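Single-structure report; data block below.
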Amino acid sequence: MARKSIEKTSRPRPGRSSARSARQRIRDAAIPLFYQQGARAVGIDTVIAKSGVAKMSLYRSFRSKDELIAACLDERDRSYWAWFDRVVAEHPGDPREQLRGVIRGVAKRTSKPGYRGCFFLNTASDYVDPWHPGRKLAVRHKQELASRLLKICRQLPVQDPWALSRQLVLLINGAQATAGMLGKRTQMEVVEAAEQLINGGVISGGALARRQTHHAK
């Protein structure tokens with residue numbers, strides 16, 4: 001009796017577990033399809049065939065293709081910031097190395113075979129309507145990138161941290177947009193370009209001391 005009771009209570013509910021499984025399978029199938037071919041170009045039937053779920057299961061998990069696109073971007077967003085946080089954590093208390101680590105990572109990621117550009121930039125280009133859920137998530141992602149870079153730049157002795165962070169965002173976006181077009185060597189030059197931006201904004205020791213004194217008053 002005890003064994004039967006344990007088996008009965010430990011057995012998962014078929015409805016809830018299968019729903020989660022179907023949702024994950026759909027998303028896992030859709031992400032590479034949307035990334036490699038473009039979300040606009042991929043039809044729902046292609047996602048269904050790739051995921052192996054029934055059409056009814058797809059629409060139980062996602063009310064529309066737009067909602068599926070948003071879910072895919074949300075998943076990529078989480079994985080990107082997990083990577084970003086790992087890179088920053090490798091250089092505690094050293095904002096310059098944190099920026100270098102991020103830029104080096106971007107250069108390596110964009111130089112890999114099969115890299116098809118930034119998922120977020122691609123989606124924003126596909127869907128120009130500012131209210132489209134995919135575009136809204138893409139904009140939010142880039143805003144978060146600017147915010148995180150600004151937080152690091154503010155720890156550096158630079159004249160204008162806000163301008164530097166925005167310039168680095170433009171540099172990263174450019175590297176992602178031109179990936180695969182100009183060759184790996186050119187792609188890796190983003191590291192040197194970022195170094196020049198950072199060094200160009202550094203305040204001299206005397207100017208830094210004066211600014212600190214001014215802020216202390």
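Given the structure is predicted, the values throughout are model-derived calculations rather than measurements. Worth knowing before you read on, the calculation uses all heavy atoms, side chains too, and leaves out hydrogens, waters and symmetry mates.
Here the side chain of Arg116 pairs no donor or acceptor atom with the backbone of Tyr35 at under 3.5 angstrom. Judged by distance alone, with hydrogens and angles left aside, the side-chain atoms of Glu195 form no donor-acceptor pair with the main-chain N or O of Val191 at under 3.5 Å. Between the side chain of Ser51 and the backbone N or O of Val47, at least one donor-acceptor pair lies under 3.5 Å. Proximity of a side-chain donor or acceptor of Thr178 to a complementary backbone N or O of Met181 within less than 3.5 Å is not detected. Using modelled atom types, one side-chain atom of Ser111 and one backbone atom of Ala107 make a donor-acceptor pair closer than 3.5 Å. The main-chain N or O of Ile103 is never found under 3.5 Å from a side-chain atom of Lys108 such that the two would form a donor-acceptor pair.
Under a hydrophobic clustering in which Ile, Leu, Val, Met, Phe, Trp and Tyr are joined whenever their side-chain heavy atoms come within less than 4.5 Å, directly or via other members, Met188 and Tyr115 fall into different clusters. No continuous path of ILVMFWY side-chain contacts below 4.5 Å connects Phe84 to Leu121, so the two sit in separate hydrophobic clusters. Grouping the Ile, Leu, Val, Met, Phe, Trp and Tyr side chains by contacts below 4.5 angstrom, directly or via other members, places Leu150 apart from Tyr80. Hydrophobic clustering of Ile, Leu, Val, Met, Phe, Trp and Tyr side chains at less than 4.5 Å, counting indirect connections, unites Ile152 with Trp83. A single hydrophobic cluster is seen to contain both Val158 and Val169, as judged by linkage of ILVMFWY side chains at heavy-atom distances under 4.5 Å, directly or through other members.
Within the model, atoms CE of Met56 and CD1 of Ile48 stand 10.0 Å from one another, a figure rounded to the nearest 0.5 Å. In this structure, SG on Cys153 lies 7.0 Å from CD1 on Ile198, to the nearest 0.5 angstrom. To the nearest 0.5 Å, atoms CG (Leu164) and CG (Leu149) are separated by 8.5 Å. With rounding to the nearest 0.5 angstrom, the CG atom of Leu68 is 5.5 Å from the CD1 atom of Ile44. Here CD1 of Ile172 is found 5.0 Å from CG of Leu145. Values are rounded to the nearest 0.5 Å. The line from NZ of Lys50 to CG of Asp45 is 15.5 Å long, rounded to the nearest 0.5 Å.
Judged by the 6.0 Å and 45° rule, Arg148 forms a cation-pi pair with Trp81. With a 6.0 Å cutoff to the six-membered ring centre and a 45° limit on the axis angle, Arg135 does not count as a cation-pi contact of Phe120.
When all heavy atoms of Leu171 and Leu197 are compared, the pair lying nearest together is CD2-CD1, 4.2 Å. When every heavy atom of Ala70 is checked against every heavy atom of Pro133, the shortest pair comes out as CB-CB, 3.9 Å. Pairing each heavy atom of Gln98 with each of Gly93, the nearest pair is NE2-N, 4.0 Å. Across every non-hydrogen atom of Val190 and Ala175, the tightest pair is CG2-CB, 4.1 Å. Residue Lys142 comes nearest to Cys118 through the heavy atom pair NZ-SG, 3.6 Å, listed as atom of the first residue, atom of the second, then distance. Listed here is the closest heavy atom pair of Leu73 and Gly134: CD1-O, 3.3 Å.
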- Going through the distances and angles, do Asn199 and Arg96 end up as a side-chain hydrogen bond (donor to acceptor under 3.5 Å, both in side chains)? CA-CA 10 Å; Asn199 291 337; Arg96 187 184 292 266; 3.0 Å; yes
- Should Ile31 and Phe119 be marked as a side chain to side chain contact (heavy atoms under 4.5 Å, CB included) after you check the CA-CA gap, both sets of side-chain angles, and the distance that decides it? CA-CA 9 Å; Ile31 287 175; Phe119 203 167; 4.1 Å; yes
- Message: For a side chain to side chain contact (heavy atoms under 4.5 Å, CB included) check, start with the C-alpha distance between Asn122 and Gln176, then their side-chain angles and the critical distance, and finish with the verdict.
- Response: CA-CA 10 Å; Asn122 294 348; Gln176 292 169 334; over 6 Å; no
- Message: Quick one, Thr123 with Leu137, criterion side chain to side chain contact (heavy atoms under 4.5 Å, CB included). Give me CA distance, side-chain angles, the key distance, then yes/no.
- Response: CA-CA 9 Å; Thr123 304; Leu137 275 167; over 6 Å; no
- Step by step, work out the side chain to side chain contact (heavy atoms under 4.5 Å, CB included) result for Phe34 and Arg40. CA-CA 8 Å; Phe34 289 163; Arg40 184 178 287 279; over 6 Å; no
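Side chains of Thr110 and Gln187: a donor on one and an acceptor on the other come within 3.5 Å. Counting only N and O atoms by type, the side chains of Gln24 and Arg27 include a donor and acceptor under 3.5 Å apart.
Other residues, nucleotides and ligands place no more than 12 heavy atoms under 6.0 Å from the CZ atom of Arg63. The number of heavy-atom neighbours closer than 6.0 Å to CD of Gln36, taken from other residues, nucleotides and ligands shown, is above 12.
The aromatic rings of Tyr127 and His132 lie parallel to each other, their planes meeting at an angle below 30°, with 60° marking the opposite boundary.
By the 4.0 Å N-to-carboxylate-O rule, Glu189 lies too far from Lys184 to be salt-bridged with it.
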